[in-house]
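In what follows, a structure is listed as structure tokens, so that the remarks can point back to it.
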Protein chains: 4
Amino acid sequence: MPTNRTKREDILDSALKLFAERGFDATTIPMIAGDARVGAGTIYRYFENKEVLVNTLFQHYVQAFKGMLEEEYPQESSSREQFHHLFQRMVQFTNEHAHALYFIKTHNGAYFLNESSRKQFSCLWKILRDFLDKGKERGEIRELPSLALIAIIFGGFLELEQLIRSEELEASRDLLHGVEESCWDAVRHHH
Amino acid sequence: MPTNRTKREDILDSALKLFAERGFDATTIPMIAGDARVGAGTIYRYFENKEVLVNTLFQHYVQAFKGMLEEEYPQESSSREQFHHLFQRMVQFTNEHAHALYFIKTHNGAYFLNESSRKQFSCLWKILRDFLDKGKERGEIRELPSLALIAIIFGGFLELEQLIRSEELEASRDLLHGVEESCWDAVRHHH
Amino acid sequence: MPTNRTKREDILDSALKLFAERGFDATTIPMIAGDARVGAGTIYRYFENKEVLVNTLFQHYVQAFKGMLEEEYPQESSSREQFHHLFQRMVQFTNEHAHALYFIKTHNGAYFLNESSRKQFSCLWKILRDFLDKGKERGEIRELPSLALIAIIFGGFLELEQLIRSEELEASRDLLHGVEESCWDAVRHHH
Amino acid sequence: MPTNRTKREDILDSALKLFAERGFDATTIPMIAGDARVGAGTIYRYFENKEVLVNTLFQHYVQAFKGMLEEEYPQESSSREQFHHLFQRMVQFTNEHAHALYFIKTHNGAYFLNESSRKQFSCLWKILRDFLDKGKERGEIRELPSLALIAIIFGGFLELEQLIRSEELEASRDLLHGVEESCWDAVRHHH
DNA sequence: CATGAATGAGGGTTCATTCAT
DNA sequence: AATGAATGAACCCTCATTCAT
């Protein structure tokens, strides 16, 4: 419980960016320290070691993302409306935390994630699975393994995010709408 | 002019598997040597260094995949048929080279890939882009950035592959058919 | 002119205990600060650095021990009586400063002791040497290098102290008497 | 099981010398590597880490010393003769392995010694304890805690060794004989 | 005065790479 | 050609020391 919240968050921000850009193993503690403009030793005042840092980061953003997806979730609406809610929240979350979703996706399943991180992650998956499973029951979502459907949604969305950040595309309303529609068509049941 | 094709390929096979499973940075040369049942020094007879090895591997499988996609490509058929061709070849390629596509996807864009690898990769993308662009002209593919559509296709497919390899799912004909249909619905133009 | 004698002595007490228990190199400044219930920085108000601290401590207890040995030393008595005096003072000193003699013995000769510490220590040795040398002249002490005899005395005594502190033995009058007798027999001249 | 026994033993020799001279914590791996004229990394081909190195060393010399004490031990002789045997073997062992006994004595009980090392060490102590206990039964050894007696013997002997190595004394037959006599008088029963 | 957050030099350790065999 | 022992640069991490509060 450090009094200087800024420094701790500088470290987390730099770590998030570098882990997302280069991956955990290719990111050194000196790199993070340099980017966060702190001494290398300072990182160890806030995080026991590199693995604790990456797990903290992972769990933090999984939690934050989960919270954002669940907030005001339209429990009683149609699958389409629920999907819209989820997709919009993904967009919002990405706007607020630039590298977070990409970091989560690329580091999920890695050897250095602890039990707690894995558990939290499967919690996140569960939200999406529940949405899909309920939609399948209702006949609004196609009969395919939920994991595969989730991959399609995330895959498309994250690739979009990369293109926007690298300025190959502009984040227009039309574009976001189009990708949402595409992903929805991938998961919805067609008659 | 490799005198011993087997040993070089043993190394490449082991490297592919380990890079796909653990990532480039978490895979050590002794690990590869051990898996390939050669001495660590032997790897340096065939590859100048670790980065050359990973670039060789990357380019090799990008080329092979490109070749497989292009072979007997139904230039004159409908987008749906072309899509079917591409999807079938992805399945076939994955069957023949277990970790290759996953390796390519997870290592694409990494800091250690050289210009040549990046170029080859964009060549691969071009095949898919051309297919999508032509389909868009014809009004058979939806008007969305091709890169985003490609991500959806790959994302869904690779996730499927993981689930099958981890034996969470069985590779039934129905399943493959369903994922193909889902991906197609994501990219095709809906009236 | 220390304004706060208590805090400085808290630090010295904690340092003595920890140096004796773990050794100089395995004892960290934060450990000492924690044990003394002061901030780590506070230690540097009283001691320029860790080496100054250990040298201060070393010299302090060497001086104190020397003082105790010399006080009321029976200059004119027999070697046996002089020995008894010295042995009793060792017992008394140990009772008053639990870890001090063990600290001195284990840190004597260490690389971080400065010239002054070494000099003071040899001063301490001198007292014992003078006693032994005079005893040899008188024919009451055996003809052996004084250093070896001192080692026997200290060795036996300190081992005894350890056993008592670890509660493997109880500090009975008989026990102390027995060890004194044993050490005396080691150094005295036998006819 | 390295083929190059010399290099492994160079490392052990250097480590023994430096641990004895400076202690475990003050001895760095680069110091050992430099003294042994090997690269720092080479040490890790032979020893998993620094603690394994020190435990290996400790156990090796405890075993060797134990073997030397036990070999041709005069089980049926008087305590005096048994003591002579033990003392002579200490001398011989020290001649053959310069720093070994001092290293054992100063590192015994340290926090980095593992269970196996402690067990082996107590085995060594047992030999001396058995000798002393049997002597007490016979009335040839004085009634004092064996540990205290052992300390006297070792203390005197090791101090002697130091003096000889630092060339403050010469290892004459008379000197060794005198110290043996002194130690014997410390432990034997006087009527 | 007292503190403890911050620092960075230096330790233990790993591993890409070399080279004698 | 093939090996794996040897190396040392560079990693993660600790801790003596400083300094703003």
Side-chain angles (χ1 to χ4, degrees), chain A residues 2-4 6-8 11 25-34 36-53, chain B residues 2-4 7-8 11 24-34 36-53, chain C residues 2-4 7-8 11 24-34 36-53, chain D residues 2-4 6-8 11 25-34 36-53:
Chain A
T3 55
N4 191 338
T6 304
K7 198 147 289 197
R8 185 175 191 272
I11 293 166
D25 291 296
T27 302
T28 70
I29 292 288
M31 276 180 202
I32 298 170
R37 293 163 186 276
V38 300
T42 303
I43 291 176
Y44 292 88
R45 288 201 77 63
Y46 296 101
F47 306 97
E48 207 179 323
N49 56 46
K50 200 185 171 190
E51 298 212 349
V52 167
L53 171 57
Chain B
T3 55
N4 189 338
K7 198 150 286 198
R8 186 176 189 273
I11 293 166
F24 174 76
D25 291 292
T27 301
T28 69
I29 292 287
M31 275 180 202
I32 298 169
R37 294 163 186 278
V38 301
T42 304
I43 291 178
Y44 288 84
R45 293 217 141 273
Y46 296 101
F47 307 96
E48 204 180 324
N49 56 45
K50 199 184 172 188
E51 297 212 350
V52 167
L53 170 58
Chain C
T3 57
N4 190 337
K7 198 150 287 198
R8 185 176 190 273
I11 293 166
F24 175 77
D25 291 293
T27 301
T28 69
I29 293 287
M31 274 180 202
I32 298 169
R37 294 164 185 277
V38 300
T42 304
I43 291 176
Y44 287 85
R45 293 219 140 272
Y46 296 100
F47 306 96
E48 204 180 325
N49 56 46
K50 199 184 172 189
E51 298 212 348
V52 167
L53 170 57
Chain D
T3 55
N4 190 338
T6 303
K7 198 148 289 197
R8 185 177 190 272
I11 293 166
D25 291 296
T27 302
T28 70
I29 293 288
M31 274 179 201
I32 298 169
R37 294 163 185 276
V38 300
T42 303
I43 291 176
Y44 291 87
R45 289 202 76 65
Y46 296 100
F47 306 96
E48 207 179 323
N49 55 46
K50 199 185 172 189
E51 297 211 350
V52 167
L53 170 56

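The chains referred to below are lettered A, B, ... by the order of the sequence lines, with proteins before strands, and numbering in each begins at 1. Keep in mind it's a predicted model, so treat the numbers as computed, not measured.
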Rounded to the nearest angstrom, tell me the gap between atom CG in D/Asp25 and atom C1' in F/dA16.
15 Å
Approximate separation, where rounding is to 0.5 Å, of D/Arg45 CZ and D/Thr42 OG1:
8.0 Å
To the nearest 0.5 Å, tell me how far A/Tyr46 OH sits from A/Leu53 CG.
13.0 Å
Is there a side-chain contact between D/Tyr44 and the phosphate of F/dA5, meaning an N or O under 4.0 Å from OP1 or OP2?
no
Tell me: NZ of C/Lys50 to P of F/dT17, nearest whole Å?
8 Å
Would you mind classifying the nucleic acid contact of A/Thr28 as base, sugar-phosphate or nothing, using non-hydrogen atoms under 4.0 angstrom?
sugar-phosphate
In Watson-Crick or G-U wobble terms, both distances under 3.5 Å, what is the partner of F/dT14?
E/dA9
What integer distance in Å separates D/Arg8:CZ from F/dA6:C1'?
17 Å
Just checking B/Ile29: base, sugar-phosphate only, or nothing, at a heavy-atom cut-off of under 4.0 Å?
base
Please determine, for E/dT14, whether a Watson-Crick or G-U wobble partner exists with both distances under 3.5 Å, and give it or none.
F/dA9
Identify, between D/Ala40 and B/Phe24, the residue whose nearest nucleotide on DNA chain E lies closer to the 5' end.
D/Ala40
Can you tell me how far the OG1 atom of D/Thr6 sits from the CZ atom of D/Arg8, to the nearest 0.5 Å?
12.0 Å
From NZ of A/Lys7 over to P of E/dG4, roughly how many Å is that when rounded to an integer?
17 Å
Paired with F/dT21 by Watson-Crick or G-U wobble geometry, both distances under 3.5 Å: which nucleotide is it?
E/dA2
C/Lys50 side chain to C/Thr27 backbone, donor-acceptor under 3.5 Å:
yes
Most 5' of A/Ile43 and B/Asn49 on DNA chain E, judged by nearest nucleotide
A/Ile43
Closest-nucleotide ordering on DNA chain F, the 5'-leading residue of B/Arg37 and A/Met31:
B/Arg37
To the nearest Å, give me how far apart CZ (C/Phe47) and P (F/dA16) are.
15 Å
Rounding to 0.5 Å, atoms CG (B/Asn49) and CD1 (B/Ile43) come to a distance of 11.5 Å
N or O in side chain of A/Tyr46 less than 4.0 angstrom from E/dA5 OP1/OP2
no
Rounded to whole Å, please give me the gap between CD in C/Glu51 and C1' in F/dA16.
11 Å
Note: for D/Val38 and C/Arg45 on DNA chain F, the residue whose nearest nucleotide lies more 5' is D/Val38
